[in-house]
Every structure is written in C-alpha cells, then in structure tokens.
Amino acid sequence: MAAPDRDTAPDSNSVPPTTPAQDTAPVARWHRHSGGAVLLDGFHALKHAVRFGAEVEAAVTADRAAALALADELAPDVREALATLLAEVPYETYASLVPRPHPTAVAALAVRPSRAGNLARLAQTPRTAPVVVLDQPRNLGNAGAVIRLAAGFGATGVVTTGTLDPWHPTVVRGGAGLHFATAVERLSVDELPVGPVFALDPEGQDIRALKLPDGALLAFGSERSGLSPELRARADHLVALPMRPQVSSYNLATSVAMTLYHWSATGGAPA
C-alpha cells in the first residue's frame, strides 16, 4: 500500500459514506467530552499522547485506513491502541469538530493531567533533569515548540508565568501532543519549584563556561521584553548564549534548544 499523503487532507468525495449510526455515536461521544478536554490535533499529537499514557476519550478520522497505515509506518508501538480508538466519520463532520483541519484528518480529545500530579512532579527532589520556565511568553506556537523540545530532552517539566495558557489548543498542536510526556503548568514566580534559577540574559555569564545542574530551573524571558522584574529578582545566575554582535536575539525555542543541549552535553542526557 502506498504511504498516505501527509500534506493534503482527504478529498471528501473520496471518503466512503458512513451510515447515520456510524456517524452519530463518535460525534455524540465527542460533544459529551469536549467541555474541558485537551484537543489532540492531528495524527502525531494523538500518537504521542497515547504513547505517554494519555486517557483518550474520543478519537475521529476522515480516513481510518490512511491513519492506520501511517501508524504501521511511523508508530507500530501504538498501532493497536489507535485501531481501537479511531472512529471514521465523513470529512465534513471531522472538519466541523476542529478549529482548522489537520493534513492527517485525525483529531482526539484527552483528559488533561491533574494539576496536583504535575505540581508533585515539578516539586520532587532531587531532580534528574531541569525545569524550563517561560517567563510571560506571548506566542502560542513558540510555547508549543518549547514543550516539544523539553519532552525530547527529558526535562522535568515546562512552567509558564503570565497569562498564556500552556494547554491552549494551539500550544498543544505546536507541541505535537508531547504535553503528556512532561509536566506542563502555569505558575506565578512565587510558586516556582525549588532549585537554582539560571535565567537567560544578554548581560549574563557565557553559558559555555558553566555546567547546568540537573536540579536547575532554566528561565527564558519573552523575545520582546526579556525577563520580568519578578523573575530577574528570583534568578540565582544570569546566563548568556553566544551571539554575534549586532544580532539582537534568538527565537525563544532556539534559545531553549541551545540551553538544553548545553545541559545534556555537559552531563545531563535524555532518558
């Protein structure tokens, strides 16, 4: 069988019609759970959520055969779980359930991990990997990219301060469902977990001269305004990334990637 096209949503005319019974049950289940659930937008978000133990309440696709072929190719470890979860609905029905259709035409709803459980993971000491702190981030996509990075490096968690909801559907989409692979919460600066705070700042010490401890909190300000006064006051160390003169800043996700790589290359490592 040819691999499904990852860049093009299924043509609704090519999707076999379903009977009302086939269509109504998954849609009713979706609406029953849609209130406070996490939207998993696309095949990869669902794959990662299942892989890391998410409780999936409803999952739909406009092309079940294509989704399972993708699982055979890219995620055989969760193929059987996806086969059990995924219900096929007409493309128009799928598209009506999501803010914008994903090229894989897959969507699901999952239970958000408990705040108490996440706080316990963040507070546990000694830690074997840092906590990433995004200080008053603004861009939803950047926050999602950071969570994806943090999960890849095995970070203990990602904490945001300020008004951005790190479980917003756009953030979850940017994180490809990897919120379920790490602890993700929004806290005030006063509520941050214990541990030395290494805050990224252009006036800080060159990161290449430092070894970042596993129990560190790695704090990053917004690209526009940098660290907030509250976070700067909480910082134990100011740290700078190498940067060519006259270059004003790095993208937030790039800064996090460089910092986590430095941590991993000087002693820490993904599990």
Side-chain angles (χ1 to χ4, degrees), residues 1 3-114 117-118 140-141 144 147-148 151 165-182 184:
M1 177 186 294
D5 185 346
R6 295 177 181 76
D7 300 318
T8 306
D11 182 349
S12 59
N13 294 326
S14 68
V15 178
T18 58
T19 67
Q22 288 175 308
D23 183 25
T24 302
V27 172
R29 185 163 58 250
W30 183 282
H31 288 303
R32 188 163 64 249
H33 293 290
S34 61
V38 177
L39 174 63
L40 302 172
D41 201 2
F43 172 83
H44 297 290
L46 176 58
K47 169 195 74 178
H48 282 136
V50 170
R51 186 174 282 164
F52 289 99
E55 182 182 344
V56 178
E57 297 179 304
V60 297
T61 177
D63 191 338
R64 191 171 184 276
L68 294 180
L70 204 53
D72 286 332
E73 180 186 356
L74 302 176
D77 58 310
V78 296
R79 198 269 186 198
E80 291 308 310
L82 296 183
T84 300
L85 289 167
L86 282 168
E88 186 168 294
V89 297
Y91 184 79
E92 292 85 351
T93 301
Y94 154 74
S96 73
L97 300 175
V98 294
R100 59 189 175 105
H102 191 275
T104 58
V106 171
L109 297 174
V111 176
R112 178 170 172 168
S114 74
N118 276 341
L140 296 167
I147 291 166
R148 190 170 185 174
D165 177 8
W167 286 87
H168 186 283
T170 302
V171 183
V172 178
R173 181 171 178 144
L178 283 163
H179 285 59
F180 293 91
T182 189
V184 179

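The basis for the numbers below is simple: all heavy atoms, side chains too, and nothing from hydrogens, waters or symmetry mates. Along the sequence shown, residues are numbered consecutively beginning with 1.
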For this session: Kindly determine whether L46 and L82 satisfy side chain to side chain contact (heavy atoms under 4.5 Å, CB included), including the steps that lead there.
Result: CA-CA 8 Å; L46 176 58; L82 296 183; 3.7 Å; yes
For this session: Could you tell me which residues satisfy ring-ring contact (aromatic ring centres under 6.0 Å, His included) with Y94, sequence neighbours excluded, listed by chain and number?
Result: Y91
Problem set entry | Non-hydrogen atoms of I147 and P166 that approach each other most closely | CD1-O, 4.1 Å
Problem set entry | Under 3.5 Å donor-acceptor, T170 side chain and L140 backbone | no
Problem set entry | Side chains of L97 and V60 in contact at under 4.5 Å (non-hydrogen atoms) | yes
Problem set entry | CD on E88 to OG1 on T93, rounded to 0.5 Å | 11.0 Å
For this session: Enter the distance from F180:CZ to H48:NE2 here, rounded to the nearest 0.5 Å.
Result: 12.5 Å
For this session: State, to 0.1 Å, how close G174 and R148 come at their nearest heavy-atom pair, and which atoms those are.
Result: O-CD, 4.0 Å
Exercise. Do P113 and F52 have side chains that get closer than 4.5 Å, going by heavy atoms?
Worked result: no
Problem set entry | R173: partners by salt bridge (charged side-chain N to carboxylate O under 4.0 Å, His left out), with sequence neighbours left out | D41
Exercise. Could you state the interatomic distance from CZ (F43) to CG (L74), rounded to the nearest 0.5 Å?
Worked result: 6.0 Å
All N/O donor-acceptor pairs, side-chain side in residues 64-71, below 3.5 Å, sequence neighbours left out:
residue, atom, partner, partner atom, Å
R64, NE, L86, O, 3.0
R64, NH2, A83, O, 2.4

Problem set entry | From NZ (K47) to CG (L178), nearest 0.5 Å | 8.0 Å
For this session: First locate atom CD of E57, then atom CG of L40, and finally report the distance between them rounded to the nearest 0.5 Å.
Result: 10.5 Å
For this session: Indicate yes or no: at least one non-hydrogen side-chain atom of L39 is less than 4.5 angstrom from one of S34.
Result: no
Problem set entry | Gap separating the CG atom of D72 from the CZ atom of R79, nearest 0.5 angstrom | 4.5 Å
Exercise. Under a 4.5 Å cut-off applied to non-hydrogen side-chain atoms, are V56 and L109 in contact?
Worked result: no
Problem set entry | Residue pair V171, H179: steps toward the side chain to side chain contact (heavy atoms under 4.5 Å, CB included) verdict | CA-CA 9 Å; V171 183; H179 285 59; 3.7 Å; yes
